[in-house]
Asks: 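Supplied in structure tokens, the structure appears directly below.
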Amino acid sequence: MPIETSSAPSPITTIADIGKHEGQSVTLRGWLYNLRASGKLLFPIFRDGTGTIQGIVPKAAVPEHVFETLKSLTLESSLVVTGRVRADARAPSGFELDVDDVTITQRIPDETPYPIQLKEAGVDFLMENRHLWIRTPRQSSILRIRATIMRAAAKYFDTNGFIRTDPPILTPNACEGTSELFEMDYFGDDKAYLTQSGQLYIEATAMALGRVYSFGPTFRAEKSKTRRHLTEFWMIEPEVTYMDLDGLMSLAEAFLTHIVTRVLELHTADLKTIGKDVTKLEAVIAPSPFPRLTYDEAHAMLVDAHDKGLIETVHQYGDDFGSPDETFISSQFTKPVMVHRYPAAVKAFYMQPDPQDPTKALCVDVLAPEGYGEIIGGSQRVDDYDLLKSRIESHNLPMAAFQWYLDLRKYGSVPHSGFGMGIERCVAWICGLEHVRETIPFARTLNRIYP
RNA sequence: UCCUGAGUAGCUCAAUGGCAGAGCAUUCGGCUGUUAACCGAAGGGUUGUAGGUUCGAGUCCUACCUCAGGAGCCA
């Protein structure tokens with residue numbers, strides 16, 4: 001069977017590149033995606049990971065064994081097919097393959113047909129068969145876009161003077177002291193926890209390198225069961241010295257604009273497969289700034305919306321925004337909206353108070369459009385030793401565990417800011433998905449750790 | 001943790017307390033332009049589990065299990 005080289009006279013290519021070979025004979029290596037037959041004419045659809053293409057097999061035009069082999073071939077059997085590329089207006093991709101020869105790599109037996117049909121299926125069944133579900137065009141498109149988003153996100157920082165510094169995944173204590181963490185035994189007496197954020201550590205690397213970011217998996221053991229939550233997800237976090245909240249918001253804006261721009265450049269076909277309206281993404285990168293709302297302004301917007309009967313819940317001033325609140329706020333804009341200066345009481349201990357109003361924190365949540373909610377959370381950090389120490393005390397956090405973190409304020413403290421973006425929520429928003437479980441190859445959720 | 005909903009063929013779903021059904025998938029047959037192709041036929045069931053009510057339970061009751069998505073919490 002052909003692996004890297006082939007004895008076949010036709011060059012090996014991919015379906016994505018098939019247009020470059022119009023009129024030529026090529027060899028494709030992949031799987032049988034679907035098969036339609038009309039008497040002495042077969043329409044096999046081939047898939048190779050880069051796309052799909054329909055083959056044409058007239059009984060009179062091919063050797064007997066080629067016709068008979070394909071006629072009874074089971075879906076998702078693997079194969080190597082040779083044929084001539086022909087432009088055809090009837091084909092969705094514009095090209096069809098006049099099949100000359102086929103070699104079966106592995107034929108799926110009739111008794112054990114491929115479990116996933118082309119027709120609709122339920123969530124439970126699909127997730128139970130996630131290792132196979134990812135073969136479908138829609139899931140493949142999502143994973144390709146995910147890869148672009150991750151690459152574009154990292155590249156944005158790489159090309160803007162940031163150094164990637166990876167924080168530990170095993171940590172001795174909670175970062176923010178709030179979230180539920182996955183706990184594990186660490187050589188007997190000690191406990192270790194899976195990280196919920198690398199932020200505290202990259203504050204340290206920022207003091208060493210100036211502009212840094214981290215990019216890796218993050219874990220939350222909270223029993224959240226919604227379309228926005230995973231127990232294991234990927235987060236990219238920049239941290240910058242001598243940057244204030246306004247600078248951080250500008251950074252987040254430029255960062256998101258770059259990511260959306262790259263997706264639009266590279267994935268019009270994938271976005272079409274998924275069914276995403278690209279005009280929604282084009283609106284995001286239109287040349288105007290992202291709206292910025294203070295907490296107070298957002299609160300007023302919610303009160304007004306409730307008065308007009310647009311939302312059911314009544315937002316209490318001083319409370320954090322609930323999911324329905326965020327959904328409403330973001331639905332009022334076509335671009336991501338940045339809500340800043342929340343009450344310090346509902347935010348993390350490490351956030352710098354606003355000098356104009358110390359009851360507010362210099363923090364920002366970026367809410368994605370179309371009701372997708374929070375995709376970025378960030379803040380300017382407390383840079384004063386005594387204030388940070390008193391915050392750790394008032395939040396009942398173990399002082400000993402934070403000695404190294406306090407050292408950052410003891411030895412050459414500087415103003416600094418950073419944010420974290422959840423990759424899966426970003427992918428869900430850009431792709432227009434109902435649930436984050438489709439944005440990662442193998443989602444880990446409250447009730448599922450298989451496959 | 002709380003609230004709500006759902007479990008029937010491999011998959012998606014029907015079935016007023018009264019014979020367990022359909023489409024797709026699989027197998028067999030037909031069709032030379034099909035687009036989740038279509039047409040004909042066949043095989044395929046411990047109705048999530050355990051009890052209970054009833055002449056009779058997929059259907060009603062109780063408990064449990066599994067899953068879903070909403071709250072809280074968060075990215």
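Chain A is the first sequence line, chain B the second, and so forth, proteins listed ahead of strands; every chain is numbered from 1.
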Asks: Suppose you measure atom P in B:C55 against the same atom in B:C38; what distance do you get, rounded to whole Å?
Replies: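 One P to the other, the span is 48 Å.
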
Asks: Counting side-chain heavy atoms from C-beta on, which of B:C31, B:U35, B:C73 comes nearest to A:Q54?
Replies: B:U35

Asks: So, A:F349 versus A:F402, ring centres under 6.0 angstrom or not?
Replies: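 Ring-ring flag for A:F349/A:F402: true, centres closer than 6.0 Å.
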
Asks: Assess whether a salt bridge exists between A:E68 and A:K59, defined as any Lys/Arg side-chain N lying under 4.0 Å from an Asp/Glu carboxylate O.
Replies: yes

Asks: Using whole Å, what does the distance between atom P of nucleotide B:A75 and atom CD1 of A:I423 come to?
Replies: 14 Å

Asks: Measure from the ring center of A:Y33 to the ring center of A:Y114 and say whether it is less than 6.0 Å.
Replies: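 For A:Y33 and A:Y114, the ring centres are not under 6.0 Å apart.
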
Asks: I'd like the C1' distance from B:A15 over to B:G58, given in whole Å.
Replies: 8 Å

Asks: Considering Watson-Crick and G-U wobble pairs with both distances under 3.5 Å, what does B:C67 pair with?
Replies: B:G5

Asks: Which heavy atom in A:R444 sits nearest to a heavy atom in A:P451, and how many Å separate them?
Replies: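 Heavy-atom minimum between the residues: NH2-O, 3.4 Å.
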
Asks: Considering only atom C1', compute the distance from B:G51 to B:A75 and round it to an integer number of Å.
Replies: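 B:G51 and B:A75 have their C1' atoms separated by 46 Å.
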
Asks: Mapping A:L446 and A:K40 onto RNA chain B by nearest heavy atom, which one lands closer to the 5' end?
Replies: A:L446

Asks: Check whether any side-chain nitrogen or oxygen of A:R90 sits under 4.0 Å from OP1 or OP2 of B:A37, and answer yes or no.
Replies: no

Asks: Report yes if some heavy atom in the side chain of A:L75 is under 4.5 Å from a heavy atom in the side chain of A:I108; otherwise report no.
Replies: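 Side chain of A:L75 against side chain of A:I108, heavy atoms only: no contact under 4.5 Å found.
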
Asks: Under 4.0 Å, counting only non-hydrogen atoms across every strand here, what does A:I376 touch: a base, just sugar-phosphate, or nothing?
Replies: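 Contact class for A:I376: sugar-phosphate only.
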
Asks: Any non-hydrogen side-chain atom of A:K335 less than 4.5 Å from a side-chain atom of A:E253?
Replies: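 Side chain of A:K335 against side chain of A:E253, heavy atoms only: no contact under 4.5 Å found.
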
Asks: Between B:A37 and A:R36, is there an OP1 or OP2 to side-chain N/O distance shorter than 4.0 Å?
Replies: yes

Asks: Could you identify the nucleotide paired to B:C73, looking across every strand shown and requiring Watson-Crick or G-U wobble geometry with both distances under 3.5 Å?
Replies: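 The base-pairing partner of B:C73, which may sit in any strand shown, does not exist here.
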
Asks: Please list, in numerical order, the residues of residues 132-160 of chain A that have a heavy atom closer than 4.0 Å to any atom of RNA chain B.
Replies: none

Asks: So what does A:T218 touch, heavy atoms closer than 4.0 Å: a base, only the sugar-phosphate, or nothing?
Replies: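 Answer is nothing: A:T218 stays at 4.0 Å or more from every strand.
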
Asks: Which one is paired to B:A50, where only Watson-Crick or G-U wobble pairs with both distances under 3.5 angstrom count?
Replies: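 Its partner is B:U62.
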
Asks: Please write out the pairs of protein N or O atoms and N or O atoms of nucleotides 2-11 of chain B separated by less than 3.5 Å, giving the distance to one decimal.
Replies:
unit_1, atom_1, unit_2, atom_2, d
B:G10, N2, A:Q117, NE2, 2.1

Asks: Once you round it to whole Å, what is the distance between P of B:G69 and CD of A:E434?
Replies: 10 Å

Asks: Give a yes or no on whether a donor-acceptor pair under 3.5 Å exists between the nucleobase atoms of B:C73, that is its base, and the side chain of A:S224.
Replies: yes

Asks: Just to be sure I understand the rule, does A:I56 reach a base, reach only the sugar-phosphate, or reach nothing, if contact means heavy atoms closer than 4.0 Å?
Replies: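 Base, at least one base heavy atom under 4.0 Å.
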
Asks: B:U32 P sits how many Å from A:L41 CG, rounded?
Replies: 8 Å

Asks: Considering the options A:L200, A:L209, A:V212, which one meets the side chain to side chain contact (heavy atoms under 4.5 Å, CB included) requirement together with A:E239?
Replies: A:V212

Asks: Parallel under 30°, tilted from 30 to 60°, perpendicular over 60°: which one fits the rings of A:H315 and A:F321?
Replies: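 Tilted.
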
Asks: Ignoring hydrogens and geometry, is there a side-chain-to-backbone donor-acceptor pair from A:K276 to A:L433 under 3.5 Å?
Replies: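 Pair absent, no side-chain N/O of A:K276 close to backbone of A:L433.
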
Asks: Atom CD1 of A:I53 to atom P of B:U34: distance rounded to whole Å?
Replies: 18 Å

Asks: Using modelled atom types only, decide if a donor and an acceptor are shared between the side chain of A:T82 and the backbone of A:D100 within a distance under 3.5 Å.
Replies: no

Asks: Is the phosphate of B:A68, meaning OP1 or OP2, less than 4.0 Å from a side-chain N or O of A:R448?
Replies: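 The answer is yes; a side-chain N or O of A:R448 sits under 4.0 Å from OP1 or OP2.
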
Asks: Rounded to whole Å, please give me the gap between CD in A:E312 and P in B:G70.
Replies: 15 Å

Asks: Taking CG from A:L32 and P from B:A36, how many angstroms apart are they, rounded to a whole number?
Replies: 16 Å

Asks: Between the protein and nucleotides 26-28 of chain B, which nitrogen or oxygen pairs are less than 3.5 angstrom apart?
Replies:
unit_1, atom_1, unit_2, atom_2, d
B:U27, OP1, A:D110, OD1, 2.5
B:U27, OP1, A:D110, OD2, 3.4

Asks: Strictly below 4.0 Å, heavy-atom distances to any atom of RNA chain B: list the hits from residues 294-310 of chain A, or just say none.
Replies: none

Asks: I want to check one thing: is the phosphate of B:U66, taken as OP1 and OP2, less than 4.0 Å away from some side-chain N or O of A:N447?
Replies: no

Asks: Name the residue closer to the 5' end of RNA chain B, choosing between A:K71 and A:F321 according to the nucleotide with the nearest heavy atom.
Replies: A:K71

Asks: Using ring centroids (six-membered ring only for Trp), state whether A:Y156 and A:F162 fall under 6.0 Å.
Replies: no

Asks: Taking the same atom, P, in B:C65 and in B:G23, what whole-Å distance lies between them?
Replies: 38 Å

Asks: Using the ring-ring contact (aromatic ring centres under 6.0 Å, His included) criterion, which residues pair with A:H267? Sequence neighbours excluded.
Replies: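 For A:H267, no residue satisfies ring-ring contact (aromatic ring centres under 6.0 Å, His included) once neighbours in sequence are set aside.
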
Asks: Less than 4.0 Å between a side-chain N and a carboxylate O, is that true for A:R47 and A:E76?
Replies: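 Here A:E76 pairs with A:R47 in a salt bridge, since their nearest N and O are under 4.0 Å apart.
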
Asks: Can you identify which nucleotide, out of B:G69, B:G72, B:G33, has its nearest atom closest to the A:H435 side chain?
Replies: B:G69

Asks: When you check the gap from the basic side-chain N to the acidic O, do A:R146 and A:D270 get nearer than 4.0 Å?
Replies: no

Asks: Could you tell me how far B:U47 sits from B:G40 if I compare only their C1' atoms? Round to whole Å.
Replies: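 After rounding to an integer number of Å, I get 30 Å for this pair.
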
Asks: For the pair made of CD in A:E237 and P in B:A75, what is the distance, rounded to whole Å?
Replies: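 Atom CD in A:E237 sits about 9 Å away from atom P in B:A75.
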
Asks: Does A:A91 reach a base, just sugar-phosphate, or nothing at all? Heavy atoms under 4.0 Å.
Replies: nothing

Asks: Name all residues meeting the ring-ring contact (aromatic ring centres under 6.0 Å, His included) criterion together with A:F290; count only those two or more places apart in sequence or in a different chain, and write none if there are none.
Replies: none

Asks: Using atom C1' of each nucleotide, how far apart are B:G29 and B:G18 to the nearest Å?
Replies: 38 Å

Asks: Output the single nucleotide from B:A37, B:C73, B:G69 whose closest atom is nearest the side chain of A:S38.
Replies: B:A37

Asks: In whole Å, what separates the P atom of B:U54 from that of B:U16?
Replies: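 Going atom to atom, P in each nucleotide, I get 23 Å.
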
Asks: Check for me whether the distance between the ring centres of A:F157 and A:F215 falls short of 6.0 Å.
Replies: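 That pair fails the under 6.0 Å test.
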
Asks: With a 3.5 Å limit on both atom pairs, tell me what B:U12 is paired to, counting Watson-Crick and G-U wobble, or say none.
Replies: B:A22

Asks: If we take the C1' atom in both B:G48 and B:C3, what is their distance in whole Å?
Replies: 22 Å

Asks: With a 3.5 Å limit on both atom pairs, tell me what B:G40 is paired to, counting Watson-Crick and G-U wobble, or say none.
Replies: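 Check on B:G40: paired to B:C28, both distances under 3.5 Å.
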
Asks: If I take atom CE in residue A:M127 and atom C1' in nucleotide B:C67, what distance separates them, rounded to the nearest angstrom?
Replies: 12 Å

Asks: Dump the intermediate steps for side chain to side chain donor-acceptor pair (under 3.5 Å) on A:Y350 and A:E203, then the final yes or no.
Replies: CA-CA 11 Å; A:Y350 51 72; A:E203 285 187 54; over 6 Å; no

Asks: For B:G17, give its Watson-Crick or G-U wobble partner with both distances under 3.5 Å, or none.
Replies: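 WC or wobble partner does not exist here.
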
Asks: Are A:F233 and B:A75 stacked, counting the six-membered base ring, centres under 5.5 Å, planes under 30°?
Replies: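 Ring-base stacking flag set for A:F233 and B:A75.
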
Asks: Decide yes or no on side chain to side chain donor-acceptor pair (under 3.5 Å) for A:E237 and A:S197, but give the supporting numbers first.
Replies: CA-CA 9 Å; A:E237 300 175 274; A:S197 166; 2.9 Å; yes

